[in-house]
Amino acid sequence: MGTAITEALIQNGADVYGLARNENKLKQLKEKFGEKFHNSKVDISQFDQITEWISQNFSDDYSPDILINNAGVGSFGAIDEKPVEDWLQMVNTNLNGAYYMTSQIVPFLKKKKHHTHIINIGSILGTVARENASAYSATKFGLCGFSEALFKELRYFNIKVSVINPGSIATDFFHSSEIEKHQNMLQPKDLADTVIYLLKTPDNLLIDSLSVRPLNPKKP
């Protein structure tokens with residue numbers, strides 16, 4: 001998802017600042033996208049790393065217009081069989097990470113005279129839960145609540161807040177739940193195009209929550 005969103009943003013003229021814990025993946029993206037992609041190895045579950053990165057890259061004279069909280073981890077299984085470390089990793093990445101990043105970027109967005117946009121990438125499991133996904137669903141339900149409260153808080157600062165809740169995506173994300181990707185799953189490029197669509201909506205039009213599913217989710 002991150003690669004597809006990065007490519008779509010760059011194709012539409014944006015400079016993209018990408019964060020990840022995987023330094024090799026970041027280097028590959030840098031080689032692919034060149035000077036329009038600014039990569040940094042940052043663990044968004046660590047608040048001090050976020051504040052340091054922001055202080056090194058942004059100021060009142062140079063700051064982002066768009067924030068996309070896309071980082072996420074998922075681990076699936078019975079609650080009495082999953083280690084507590086998995087719960088903490090999901091909460092710290094999926095929920096705390098979005099809060100940390102947003103809380104530090106919003107002050108820059110509030111100072112802008114034009115409209116800006118925060119997009120949170122949630123999950124359909126943040127709207128309809130399923131078995132063996134209690135921890136992951138809890139974080140994504142939380143992200144939906146966070147997004148709704150945030151759009152009401154920030155709308156009069158001309159800051160849009162949207163959450164996209166996709167169904168199954170053709171990546172290896174659900175490997176731990178023994179769900180294999182197939183061609184009927186949502187394609188990362190199509191979701192990236194959906195992000196661009198949201199960003200191009202008229203200034204006074206807000207799509208605050210969007211669920212996106214495969215029409216036919218069954219494996220061919």
Side-chain angles (χ1 to χ4, degrees), residues 1-5 19-22 42-47 50 67-103 117-154 160-188 190-192 194-195 198 206-219:
M1 267 296 289
T3 300
I5 292 172
L19 309 181
R21 289 175 289 203
N22 188 327
V42 174
D43 182 350
I44 66 161
S45 70
Q46 302 299 313
F47 184 66
I50 290 176
L67 171 63
I68 299 177
N69 288 311
N70 176 60
V73 295
S75 180
F76 304 90
I79 190 169
D80 55 334
E81 297 175 2
K82 299 297 292 180
V84 70
E85 289 80 11
D86 286 1
W87 163 269
L88 293 173
Q89 183 187 33
M90 283 182 270
V91 170
N92 287 333
T93 300
N94 301 352
L95 201 51
N96 289 347
Y99 181 90
Y100 295 156
M101 183 64 71
T102 304
S103 68
H117 209 147
I118 298 168
I119 296 179
N120 296 320
I121 305 299
S123 169
I124 207 71
L125 292 181
T127 63
V128 180
R130 72 168 177 83
E131 70 278 6
N132 296 326
S134 56
Y136 183 74
S137 288
T139 64
K140 292 303 184 177
F141 268 89
L143 188 65
C144 287
F146 173 68
S147 301
E148 181 177 351
L150 202 60
F151 105 71
K152 294 176 179 178
E153 177 181 333
L154 297 178
K160 295 185 179 185
V161 180
S162 305
V163 58
I164 301 176
N165 293 309
S168 54
I169 308 172
T171 68
D172 294 322
F173 183 82
F174 290 107
H175 182 71
S176 65
S177 62
E178 300 181 350
I179 298 175
E180 296 182 0
K181 64 182 178 181
H182 55 79
Q183 66 186 38
N184 275 358
M185 289 180 168
L186 297 171
Q187 298 302 307
D190 295 333
L191 287 170
T194 303
V195 169
L198 289 180
L206 171 65
I207 299 173
D208 62 298
S209 179
L210 183 65
S211 294
V212 185
R213 304 170 182 259
L215 177 62
N216 175 7
K218 295 182 178 180
K219 186 176 180 178

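We count residues from 1, following the sequence as given.
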* Side-chain contact test, heavy atoms from C-beta onward, threshold under 4.5 Å: evaluate it for Leu125 versus Phe76 and give yes or no. => yes

* Asked: Has the side chain of Thr194 got a donor or acceptor atom that lies under 3.5 Å from a matching backbone atom of Asp190?
  -> yes

* Asked: Roughly how far, to the nearest 0.5 Å, is the CG atom of Leu210 from the CG atom of Leu191?
  -> 9.5 Å

* Asked: With a cut-off of under 6.0 Å to the ring centre and 45° to the axis, is Arg130 in cation-pi contact with Tyr136?
  -> no

* Less than 4.5 Å apart, any side-chain heavy atom of Val163 and any of Asp208? -> no

* To do: Identify the heavy atoms of Gly167 and Leu186 that sit nearest to each other, and give their distance.
  => N-CD1, 3.5 Å

* Once you round to the nearest 0.5 Å, how far does CD of Glu148 lie from CG of Leu150? -> 11.0 Å

* **Asn165 side chain reached by Val212 side chain, heavy atoms, under 4.5 Å** => no

* **Side chain Asn70, main chain Ile121, donor-acceptor under 3.5 Å** => no

* Asked: For Lys140, does its backbone N or O pair with a side-chain atom of Ser123 as donor and acceptor, under 3.5 Å?
  -> no

* Asked: Going through the checks in order, is the side chain to side chain contact (heavy atoms under 4.5 Å, CB included) test met by Met101 and Leu19?
  -> CA-CA 11 Å; Met101 183 64 71; Leu19 309 181; 3.3 Å; yes

* Asked: Does the side chain of Ser211 reach to within under 4.5 Å of the side chain of Ile124, using non-hydrogen atoms?
  -> yes

* Asked: Just by modelled atom types, is the Pro214 backbone N or O under 3.5 Å from a matching donor or acceptor in the Asn184 side chain?
  -> no

* Asked: So, the side chain of Thr93 versus the backbone of Met90: is there a donor-acceptor pair under 3.5 Å, distance only?
  -> no

* Asked: If you measure from CG on Leu154 to NE2 on His117, what distance do you get to the nearest 0.5 Å?
  -> 11.5 Å

* To do: Specify the closest pair of heavy atoms between Ser103 and Phe47, including all atoms of both residues, with the distance to one decimal.
  => OG-CE1, 4.3 Å

* Closest heavy-atom pair and its distance - Gly142, Leu95 -> C-CD1, 3.7 Å

* Structure fact -> In terms of heavy-atom contacts, Asn94 and Gly72 come closest through OD1-CA, 3.1 Å

* If you take all heavy atoms of Thr127 and Cys144, which pair is closest and at what distance? -> CG2-SG, 4.5 Å

* **Short side-chain to backbone donor-acceptor contact, Gln187 and Met185, under 3.5 Å** => yes

* To do: Consider only side-chain N and O atoms of Ser162 and Asn120, and report whether a donor and an acceptor are under 3.5 Å apart.
  => no

* Taking atom CZ of Arg213 and atom OG of Ser168, what is their separation to the nearest 0.5 Å? -> 10.0 Å

* To do: Using a cut-off of 6.0 Å, state whether more than 12 heavy atoms not belonging to Ile79 lie near its atom CD1.
  => no

* **Pairs touching residues 83-92 that satisfy side-chain hydrogen bond (donor to acceptor under 3.5 Å, both in side chains), sequence neighbours left out** => Ser75-Asp86, Lys82-Asp86, Asn92-Asn96

* Asked: Could you state the interatomic distance from CD1 (Ile119) to OG (Ser147), rounded to the nearest 0.5 Å?
  -> 10.5 Å

* Can you name the nearest heavy-atom pair linking Gly122 to Leu143, along with the distance? -> CA-CD2, 3.8 Å

* Just do the side-chain hydrogen bond (donor to acceptor under 3.5 Å, both in side chains) check on Asn69 and Thr102 with the steps written out, would you? => CA-CA 8 Å; Asn69 288 311; Thr102 304; 3.0 Å; yes

* To do: Check whether more than 12 heavy atoms from other residues, nucleotides or ligands sit under 6.0 Å from atom CZ of Phe151, and answer yes or no.
  => yes

* Structure fact -> dist Arg21:CZ -> Gln46:CD (nearest 0.5 Å) comes out at 9.0 Å

